[in-house]
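Throughout, protein chains are lettered first and strands after them, A, B, ... in sequence-line order, and every chain is numbered starting at 1. These numbers were taken from a predicted model, which means no experiment stands behind them.
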Amino acid sequence: MANLTTREADYSKWYNEIVEQADLAQHSDVKGCMVIKPYGYAIWENMRDVLDRFFKETGHQNAYFPLFIPKSYMSREAAHVEGFAKECAVVTHYRLKVDEATGGIIVDPDAKLAEELIVRPTSETIIWNTYKGWIQSYRDLPILINQWANVVRWEMRTRLFLRTSEFLWQEGHTAHSTKTEAIQEARMMLDVYEKFAEEWMAMPVIKGVKTANERFAGAEDTYCIEALMQDGKALQAGTSHFLGQNFAKAFDVKFASKEGTMDYVWATSWGVSTRLMGALIMTHSDDKGLVVPPKLAPLQVVIVPIYKDDSQLEQIGEVAHGIMKELKAKGISVKYDDDDSKRSGWKFAEYELKGIPVRLAMGPRDLENKTIEVVRRDTGEKQLVALDSVVGLVEQLMVDIQQNLFNRAKDFRTANITKAENWDEFLSILKNKGGFISAHWDGTSETEDKIKELTKATIRCIPLDAEQEEGMCVYSGAPSHQRVLFAIAY
RNA sequence: CGGGGCGUAGCGCAGUCCGGUUAGCGUAUCUGGUUUGGGACCAGAGGGUCGCAGGUUCGAAUCCUGCCGCCCCGACCA
């Protein structure tokens, strides 16, 4: 039965087992692709709905662009094609036929496409080719569009949610008349991601800028939110790019300014994906299973009856339905699990595995004493409370658990950002502790590459709030004026 | 694409070296009963192209050849 590998024993095995046993997703028959199961999808839908609201509140509209991109579009922007070429799925034919020799189905060699199509790894190229037709003057700007879509990147090694060949995401693509406005847009969306991560996922993130090595293919600047997982590895949870005029130039998108000049448009793009599911799992969950923050939980409260006979079950059911009605009136989702084919102990374990924030259990003793047992998933703490106070308590717990999860994750992160003043310290922290290493860097790709080669650690970001501080590069000893964050990353 | 491991019931595995009853165990499923405050117990039942294709043999899950797939570790990446 469901007994999880502990995090200490084998973290990645623990992760895989949670995904499978909590019914979040499974491997599909297609290599590298996943089936997102109803419970996992329900969490994703909650994420999506909140983000979608934020996007609309910040002036964006949803639209939809094609899955297929003409191969020639990909090559228009040099850095972009170089970044993605190695992982593109390509459609070459449009028809199958029965092979007369074998009776099997084969690709019809006569149905070759005149121009091959790329399955989008991201949509900048087809979107900018479309924007070209939408933009003539400054009056057409800004264009603020988001799309919810699937994308395909042919990955060599995949892990459910963290890296799959196909994944779900949203990609915002905006066009602006000035550089300043585009940068503001990219920064604003980064703030939206930060707010979502911290207040809904209860996952603390560090906002920063990527170094040239880690920058999105085709961007001038890539901003990111970086999170720290329980095993001390960093995870990029979202990115927002200032694309400069790169795509405008590649697709010849110009606008007539107020002053009558013809200028290239300034662009941004930004996205988060189903990878956030992986981030959620690895931020909060424990050896008993998944832990879902109340604000994203598809089911927030479960009520489990404990009984010996039908009359007890009936009485408990009556009380439970009363509580359910009150909780639902307060907007709290709740399920009463009176399934007779499972015992209470089994249910306890099952709902813990699925990360339901609060469990209520009621048995014969509670009936007699007008009490109910309340158990919170984040701490496992049990309390026996009077029936008439349970609804208020649960309402408070929704807030407390959300906050506690965030605080706990933030304390962990704070404890795992370590300063390294020299190369020996850097190596020692990486080996013995992990987490983020805050260190000086000389600003060169060469040094970053060398450090990666020696340690596998990369610069996760240059934090936006980093203090100016004179120092020496932890590797080369060259002068540096601020610290950056290194880590082993997912 | 390199290195390692593995394909046997829904899931997890034994059996393979050394060929020989009707292919077995745990779990899940179904039936009946007893149970029910932390993953219950007893009894019974159903469920298999042994990854695929050839070959050797009186006889192949087991030996040989080829192929396919998956997992882990590396190189690449959100």
Distance check, [atom1] atoms only: [N] and [M], in whole angstrom units.
N	M	atom1	value
G32(B)	G39(B)	C1'	23 Å
C64(B)	U56(B)	P	15 Å
U34(B)	G26(B)	P	25 Å
C1(B)	G54(B)	P	26 Å
C11(B)	U16(B)	C1'	22 Å
G20(B)	A60(B)	C1'	10 Å
G3(B)	G59(B)	P	37 Å
A61(B)	G48(B)	C1'	11 Å

Legend entry - Ionic contact status for Asp23(A) with Lys354(A), cut-off 4.0 Å: yes
Inset, instruction - State plainly whether the residues Asp465(A) and Lys207(A) are in salt-bridge range, i.e. N to O under 4.0 Å. - result: no
Could you tell me the separation between the [atom1] atom of [X] and the [atom2] atom of [N], rounded to a whole number of Å?
X	N	atom1	atom2	result
Glu226(A)	A78(B)	CD	P	11 Å
Tyr193(A)	A78(B)	OH	P	15 Å
Asn16(A)	C70(B)	CG	P	16 Å
Leu4(A)	G39(B)	CG	P	17 Å
His27(A)	C6(B)	NE2	P	19 Å
Tyr15(A)	C71(B)	OH	P	14 Å
Lys13(A)	G12(B)	NZ	C1'	11 Å
Leu162(A)	A78(B)	CG	C1'	10 Å

Decide if the gap between the ring center of [X] and the ring center of [Y] is smaller than 6.0 angstrom.
X	Y	answer
Phe247(A)	His80(A)	yes
Phe426(A)	Phe486(A)	yes
His60(A)	Phe54(A)	no
Phe84(A)	Phe216(A)	yes

Taking a pair as Watson-Crick or G-U wobble with both distances under 3.5 Å, which nucleotide is matched to [N]?
N	answer
G39(B)	none
C30(B)	G44(B)
C17(B)	none
G12(B)	C25(B)

Legend entry - Among C76(B), G39(B), A78(B), the one nearest Gln236(A) by side-chain distance: A78(B)
Inset, instruction - Answer with base, sugar-phosphate or nothing: what part of the nucleic acid does Phe167(A) contact at a heavy-atom distance below 4.0 Å? - result: base
Inset, instruction - Using a heavy-atom cut-off of under 4.0 Å over every strand shown, decide if Ser341(A) touches base, sugar-phosphate, or nothing. - result: nothing
Inset, instruction - Could you pick out which residue, Lys347(A) or Met156(A), lies toward the 5' side of RNA chain B when each is mapped onto its nearest nucleotide? - result: Lys347(A)
Legend entry - Backbone of Cys224(A) reached by a side-chain donor or acceptor of Lys210(A) within 3.5 Å: no
Legend entry - Main-chain N/O of Tyr223(A) paired to Ser240(A) side chain as donor or acceptor, under 3.5 Å: no
Inset, instruction - Treat primed atoms plus P, OP1 and OP2 as sugar-phosphate and everything else as base, then score nucleotides 32-38 of chain B 5' to 3': B for base contact with protein heavy atoms under 4.0 Å, S for sugar-phosphate contact only, - for none. - result: ---BBBB
Legend entry - Strand contacts (RNA chain B) in residues 204-221 of chain A, 4.0 angstrom heavy-atom criterion: none
Legend entry - Donor + acceptor pair across side chains of Trp270(A), Asn146(A) (<3.5 Å): no
Inset, instruction - State, yes or no, whether a side-chain contact exists between Leu296(A) and Met201(A) at a heavy-atom distance under 4.5 Å. - result: yes
Legend entry - Neighbour count above 12 (heavy atom, 6.0 Å) for Glu368(A) CD: no
